[in-house]
A.B. asks: 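My questions will all concern the structure given below.
Keep in mind that the numbers below use all heavy atoms, side chains included, and drop hydrogens, waters and symmetry copies.
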Amino acid sequence: MATALRTHLCGSLREAHVGERVRVGGWVHRARNLGGLVFVDLRDRAGLLQVSFAPGTATPEALAVAERLGPETVVLVEGEVVARPPEGRNPELETGAIELRAVSARVVGPAVTPAIPVARGKGEKLAAEELRLKHRILDLRRPELQANLIMRHRLLQRTRSTMSGLGFLEIETPILTKPTPEGARDFLVPSRMHKGEFFALPQSPQIYKQLLMVAGYDRYFQVARCFRDEDLRADRQLEFTQIDLEASFVSADDVQAVVETILVALWDEAGHAIPSPFPRLTWREAMERFGVDKPDLRYGLEIEDLSAYIGSDAAPFVSDAVSGGGRVRGIRVPLGAEASRKEIDAFTGVAKDAKAGGLIWAKRTEAGWEGQGVKAIGATALAALGGAPGELLLAVVGADAVTSPALHAVRSLAVKRPGIPQRLAHAFCWVVDFPLFERDTESGQHVPAHHPFTSPHADDFEFLERDPGRCRAQHYDAVYNGNELGSGSIRITDPAVQGLIFRLLGIDPEDQQRRFGFLLDGLAAGAPPHGGFALGFDRIAMLLAGAPSLRDVIAFPKTTAARALFEGAPTPVKAGDLQALHLTITD
RNA sequence: GGGGCUGUAGCUCAGCUGGUUAGAGUGCCGGACUGUCACUCCGGAGGUCGCGGGUUCGAGCCCCGUCAGCCCCGCCA
């Protein structure tokens with residue numbers, strides 16, 4: 001890090017440097033002028049360093065500079081590293097055992113008073129996020145954000161070395177590409193040279209990476225920027241980064257083994273040892289036990305089916321639902337019997353938000369079961385259930401499509417209660433055998449659960465035409481503590497199967513050729529069996545940095561209204577620019 | 001597209017039932033101070049109460065609209 005202007009990074013100096021003459025450059029974090037004696041905390045990306053300016057040691061010019069230093073000014077300081085007296089050490093600083101005794105100093109980057117503070121005292125709040133985004137360069141100076149971006153860098157480097165070590169080639173694919181009518185809304189880029197025609201920014205390099213397999217590049221990966229013009233969330237940005245990979249002559253297990261290797265390496269980079277292989281759950285099992293396709297396996301509280309226990313003493317709305325093909329399912333919350341009325345109402349609230357009609361609850365006391373659940377599902381069912389004193393039973397009645405999401409919501413709230421044991425801190429799993437199709441909620445049409453290039457499960461080809469909803473896919477998700485980290489599949493390489501899928505999706509041959517012709521031609525040109533995966537890199541960086549939002553691991557993120565406050569994008573353009581692109585703006 | 005929360009000094013916030021001149025901490029400016037590390041002490045400046053409209057004798061406060069930020073639903077193959 002030594003350059004013509006400096007010999008060390010501020011934050012890198014230690015006791016071993018005592019006695020050395022050094023020159024550092026940094027930003028004034030905070031200055032304390034005691035009158036005649038001035039202390040300046042100088043900051044760079046390596047950390048903070050206390051610089052002392054004392055008469056007799058520092059030149060009069062340096063003292064004059066030190067007395068006028070405002071926050072965030074960039075200054076070059078030369079002096080001697082000295083040990084601090086034992087009582088003068090600062091254990092909160094990495095450099096706290098030493099200080100730089102300045103001899104000379106020069107302001108090289110004067111700074112106006114910062115609009116938002118970079119240095120914060122203990123207990124001082126952050127500025128509003130709107131201001132932090134607007135004055136992003138100041139916010140990015142904060143040690144917390146610097147640590148996040150440094151972590152992100154390390155994760156990227158570790159990804160590249162791991163993938164390269166596994167024989168994967170990093171190959172870039174186009175950013176200006178072809179619109180895809182499937183999936184998310186495309187960002188369109190008008191073509192100046194071809195009037196009325198548009199490029200699209202890639203939602204992912206999906207088709208390109210499959211074509212790279214066809215082209216014989218066996219094992220591909222890319223740190224790929226992807227673009228989707230959809231509404232944002234705390235964990236969703238318009239542009240985001242995927243660790244994208246694809247390999248030939250592989251099974252789902254092969255792909256999963258590669259992904260596990262990356263994830264183990266990335267968690268190791270962040271200082272966490274995690275065991276591999278990860279447990280595997282089928283999609284059906286995940287929905288049955290956890291009510292969701294991304295279960296949080298840190299906790300128990302699995303969903304149980306109470307339907308079989310329902311007797312003649314159950315309330316009519318329960319017995320009717322069961323005889324009508326629905327089920328009674330619930331979870332037991334240890335120590336939940338202590339829950340207040342308010343907490344029970346909160347559980348009911350999340351269940352109703354998830355479209356459940358209501359929530360049945362019963363507390364198991366020494367005396368037996370109590371609560372409205374006794375009437376609802378009946379004493380017979382509760383007696384059969386047994387249960388330990390102190391438990392709280394929370395149950396929902398109805399079709400699985402209702403009870404699963406409701407119980408997932410209830411369980412997610414329940415595990416936040418004090419006293420719920422966490423079985424492990426880093427709970428990875430694979431969810432496999434997703435359904436190939438989902439029903440579109442509006443049209444009732446079959447739509448791909450993943451994307452239309454996902455191969456059906458080898459055992460389920462017979463259902464493809466007869467009962468598509470029953471057909472499983474060779475599609476798998478990597479899940480961590482209830483977060484989906486990524487998704488992948490074995491792809492279709494048989495043009496006949498691909499044609500059949502398109503037909504089931506209602507895409508006629510002419511349309512197929514127009515939209516996906518270059519992929520279909522590729523499959524016909526000698527395609528090796530292949531499959532792959534894509535990991536949401538920003539989300540991984542967020543989780544490993546312990547950040548609450550993706551915005552804290554992206555240098556220049558967008559707001560939830562899809563604006564870049566710092567640079568001021570998007571923005572109107574000159575009429576002439578529109579004209580060159582053959583565009584007019586209408587209301 | 002829909003719902004919720006927030007918007008008062010550079011920053012973080014308080015502001016009662018609608019009532020006189022809108023406050024605090026911090027930062028900033030000036031002064032004092034030779035071992036501080038959120039230095040301390042003294043003094044000072046600093047306000048389009050997001051914006052527009054309405055109700056009222058009177059609006060930071062009530063009503064309508066709008067903008068921005070955040071969270072959520074829809075959406076995200």
A.B. asks: In whole Å, what is the span from the CD atom of E130(A) to the P atom of U12(B)?
C.D. replies: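 Roughly 10 Å, once rounded to whole Å.
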
A.B. asks: What does E99(A) touch in the nucleic acid at a heavy-atom separation under 4.0 angstrom: a base, only the sugar-phosphate, or nothing?
C.D. replies: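 Touches a base.
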
A.B. asks: Name the nucleic acid region contacted by L232(A), choosing base, sugar-phosphate or nothing; use a 4.0 angstrom heavy-atom cut-off, strictly under.
C.D. replies: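 Counting heavy atoms under 4.0 Å across all strands, no contact is made by L232(A).
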
A.B. asks: Does L48(A) reach a base, just sugar-phosphate, or nothing at all? Heavy atoms under 4.0 Å.
C.D. replies: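 No contact.
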
A.B. asks: For H29(A) and G27(B), what is the distance between atoms NE2 and P respectively, to the nearest whole Å?
C.D. replies: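 So the NE2-P distance, H29(A) to G27(B), works out to 13 Å.
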
A.B. asks: Determine the interatomic distance between P on G54(B) and the same-named atom on A68(B); round to the nearest Å.
C.D. replies: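 Roughly 23 Å separates the two P atoms.
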
A.B. asks: Distance check, P atoms only: G25(B) and C33(B), in whole angstrom units.
C.D. replies: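 Taking atom P in both G25(B) and C33(B), they lie 25 Å apart.
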
A.B. asks: In this structure, how many angstroms lie between the P atom of C73(B) and the NE2 atom of H408(A), rounded?
C.D. replies: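 Between P of C73(B) and NE2 of H408(A): 10 Å.
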
A.B. asks: Need one value for S204(A): base, sugar-phosphate or nothing, where a base atom within 4.0 Å counts as base even if backbone is also close, heavy atoms only.
C.D. replies: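 Base, at least one base atom sits under 4.0 Å.
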
A.B. asks: At under 4.0 Å between heavy atoms, what does R84(A) touch on the DNA or RNA strands: base, sugar-phosphate, or nothing?
C.D. replies: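 It contacts base atoms.
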
A.B. asks: May I ask you to verify if any side-chain N or O of R89(A) is less than 4.0 angstrom from the OP1 or OP2 atom of U36(B)?
C.D. replies: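 No, no such contact exists.
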
A.B. asks: Any base atoms under 4.0 Å from Q50(A), or only sugar-phosphate, or nothing? Heavy atoms, all strands.
C.D. replies: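 Base contact - Q50(A) has a heavy atom under 4.0 Å of at least one base atom.
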
A.B. asks: Need the pair for G43(B). Rule: Watson-Crick or G-U wobble, both distances under 3.5 Å, any strand; none if unpaired.
C.D. replies: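 C29(B) is the nucleotide pairing with G43(B).
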
A.B. asks: Reckon A54(A) touches a base, only the sugar-phosphate, or nothing at all at heavy-atom distances under 4.0 Å?
C.D. replies: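 A54(A): no heavy atom of the nucleic acid under 4.0 Å.
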
A.B. asks: Does the side chain of S489(A) pick up a donor-acceptor pair with the side chain of Q474(A) at under 3.5 Å?
C.D. replies: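 Side-chain D/A pair, S489(A) to Q474(A): absent.
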
A.B. asks: Have a look at P448(A) and say if it touches a base, only the backbone sugar-phosphate, or nothing, with a 4.0 Å heavy-atom cut-off.
C.D. replies: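 Sugar-phosphate only.
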
A.B. asks: Rounded off to whole Å, could you give me the CD-to-P distance for the E124(A) and U12(B) pair?
C.D. replies: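 Atom CD in E124(A) sits about 11 Å away from atom P in U12(B).
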
A.B. asks: Using a cut-off of strictly less than 4.0 Å, decide whether R32(A) has a side-chain nitrogen or oxygen near OP1 or OP2 of U36(B).
C.D. replies: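 No, outside the criterion.
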
A.B. asks: Determine, using ring centers only, whether F566(A) and F556(A) are less than 6.0 Å apart.
C.D. replies: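 Judged by ring-centre distance (under 6.0 Å), F556(A) and F566(A) do meet the cut-off.
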
A.B. asks: When we call it a touch if two heavy atoms are under 4.0 Å apart, what does R551(A) touch: a base, just sugar-phosphate, or nothing?
C.D. replies: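 The answer is sugar-phosphate, as R551(A) gets under 4.0 Å only of primed atoms, P, OP1 or OP2.
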
A.B. asks: Just to be sure I understand the rule, does E87(A) reach a base, reach only the sugar-phosphate, or reach nothing, if contact means heavy atoms closer than 4.0 Å?
C.D. replies: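 E87(A): no heavy atom of the nucleic acid under 4.0 Å.
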
A.B. asks: Does N33(A) reach a base, just sugar-phosphate, or nothing at all? Heavy atoms under 4.0 Å.
C.D. replies: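 The residue N33(A) makes base contact.
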
A.B. asks: T560(A) near the nucleic acid: base, sugar-phosphate alone, or nothing, with a heavy-atom cut-off under 4.0 Å?
C.D. replies: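 T560(A): base contact, heavy atoms under 4.0 Å.
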
A.B. asks: Strictly by Watson-Crick or wobble contacts shorter than 3.5 Å, is anything paired with A38(B), and which nucleotide is it?
C.D. replies: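 Pairing partner, where one exists within any strand: none, as none qualifies.
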
A.B. asks: Report yes if at least one side-chain N or O of R30(A) is closer than 4.0 Å to OP1 or OP2 of C39(B); otherwise report no.
C.D. replies: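 So the side-chain polar atoms of R30(A) do come within 4.0 Å of the phosphate oxygens OP1 or OP2 of C39(B), strictly under.
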
A.B. asks: Once you round it to whole Å, what is the distance between P of A32(B) and CD of E67(A)?
C.D. replies: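 Whole-Å distance recorded here is 10 Å.
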
A.B. asks: C13(B), OP1 or OP2 - any side-chain N/O from K125(A) closer than 4.0 Å?
C.D. replies: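 Checking K125(A) against C13(B): at least one side-chain N or O falls below 4.0 Å of OP1 or OP2.
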
A.B. asks: In the strands shown, is U20(B) matched to any nucleotide by a Watson-Crick or G-U wobble pair with both distances under 3.5 Å, and which?
C.D. replies: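 Here U20(B) is not engaged in any pair, so there is no nucleotide opposite it.
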
A.B. asks: At 4.0 Å (heavy atoms only), tell me whether A561(A) reaches a base, stays on the sugar-phosphate, or touches nothing.
C.D. replies: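 Sugar-phosphate, no base atom in range.
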
A.B. asks: Less than 4.0 angstrom from a charged side-chain N to a carboxylate O is my criterion; do E239(A) and R228(A) meet it?
C.D. replies: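 No, this pair does not count.
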
A.B. asks: Using the C1' atom on both, measure G60(B) against U8(B) and round to a whole Å.
C.D. replies: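 Nearest-Å result for G60(B) against U8(B) at atom C1': 7 Å.
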
A.B. asks: I need the CD-P distance between E230(A) and C73(B), as an integer number of Å.
C.D. replies: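 Checked: the CD to P distance equals 14 Å.
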
A.B. asks: Establish whether the base of G74(B) is bridged to the side chain of R233(A) by a donor-acceptor pair shorter than 3.5 Å.
C.D. replies: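 Result: at least one qualifying N/O pair found.
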
A.B. asks: Can R185(A) and E230(A) be counted as an ion pair, charged N to O under 4.0 angstrom?
C.D. replies: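 Salt bridge: yes.
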
A.B. asks: Look at the side-chain N and O atoms of T113(A) and state whether any lies under 4.0 Å from the OP1 or OP2 oxygen of C28(B).
C.D. replies: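 The answer is no; no side-chain N or O of T113(A) sits under 4.0 Å from OP1 or OP2.
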
A.B. asks: Go through the steps to decide whether D186(A) and Q203(A) satisfy the test side-chain hydrogen bond (donor to acceptor under 3.5 Å, both in side chains), and finish with yes or no.
C.D. replies: CA-CA 7 Å; D186(A) 280 320; Q203(A) 295 179 26; 2.7 Å; yes

A.B. asks: Mind calculating the distance between CG (D231(A)) and P (G3(B)) to the nearest angstrom?
C.D. replies: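 Those two atoms, CG and P, are 14 Å apart.
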
A.B. asks: Which residue lies toward the 5' end of RNA chain B, D235(A) or L93(A), if each is placed at its nearest nucleotide?
C.D. replies: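 Going by which nucleotide is closer to the 5' end, it is L93(A).
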
A.B. asks: How many whole angstroms separate atom CD of E129(A) from atom P of C5(B)?
C.D. replies: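 From E129(A) CD to C5(B) P: 20 Å.
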
A.B. asks: Under 4.0 angstrom, heavy atoms only, what part of the nucleic acid is P85(A) near: base, sugar-phosphate, or nothing?
C.D. replies: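 P85(A): no heavy atom of the nucleic acid under 4.0 Å.
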
A.B. asks: Does anything in residues 492-502 of chain A pair up under side-chain hydrogen bond (donor to acceptor under 3.5 Å, both in side chains), and if so which pairs, sequence neighbours excluded?
C.D. replies: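 Every candidate side-chain hydrogen bond (donor to acceptor under 3.5 Å, both in side chains) pair involving residues 492-502 of chain A fails, so no pair, neighbours aside, qualifies.
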
A.B. asks: Using the ring-ring contact (aromatic ring centres under 6.0 Å, His included) rule, collect all pairs that involve residues 13-62 of chain A, keeping only residues at least two apart or in two chains.
C.D. replies: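 Non-adjacent pairs meeting ring-ring contact (aromatic ring centres under 6.0 Å, His included): H8(A)-H17(A).
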
A.B. asks: Can you work out whether G88(A) or G36(A) has the more 5'-proximal nearest nucleotide on RNA chain B?
C.D. replies: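 The answer here is G36(A).
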
A.B. asks: Any Lys/Arg nitrogen of D41(A) or R32(A) sitting under 4.0 Å from an Asp/Glu carboxylate oxygen of the other?
C.D. replies: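 Judged by the 4.0 Å cut-off on N to carboxylate O distance, D41(A) and R32(A) do form a salt bridge.
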
A.B. asks: Look through every strand shown and name the nucleotide pairing with A68(B) as Watson-Crick or G-U wobble, where both distances are under 3.5 Å.
C.D. replies: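 U6(B) - that is the nucleotide pairing with A68(B), both distances being under 3.5 Å.
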
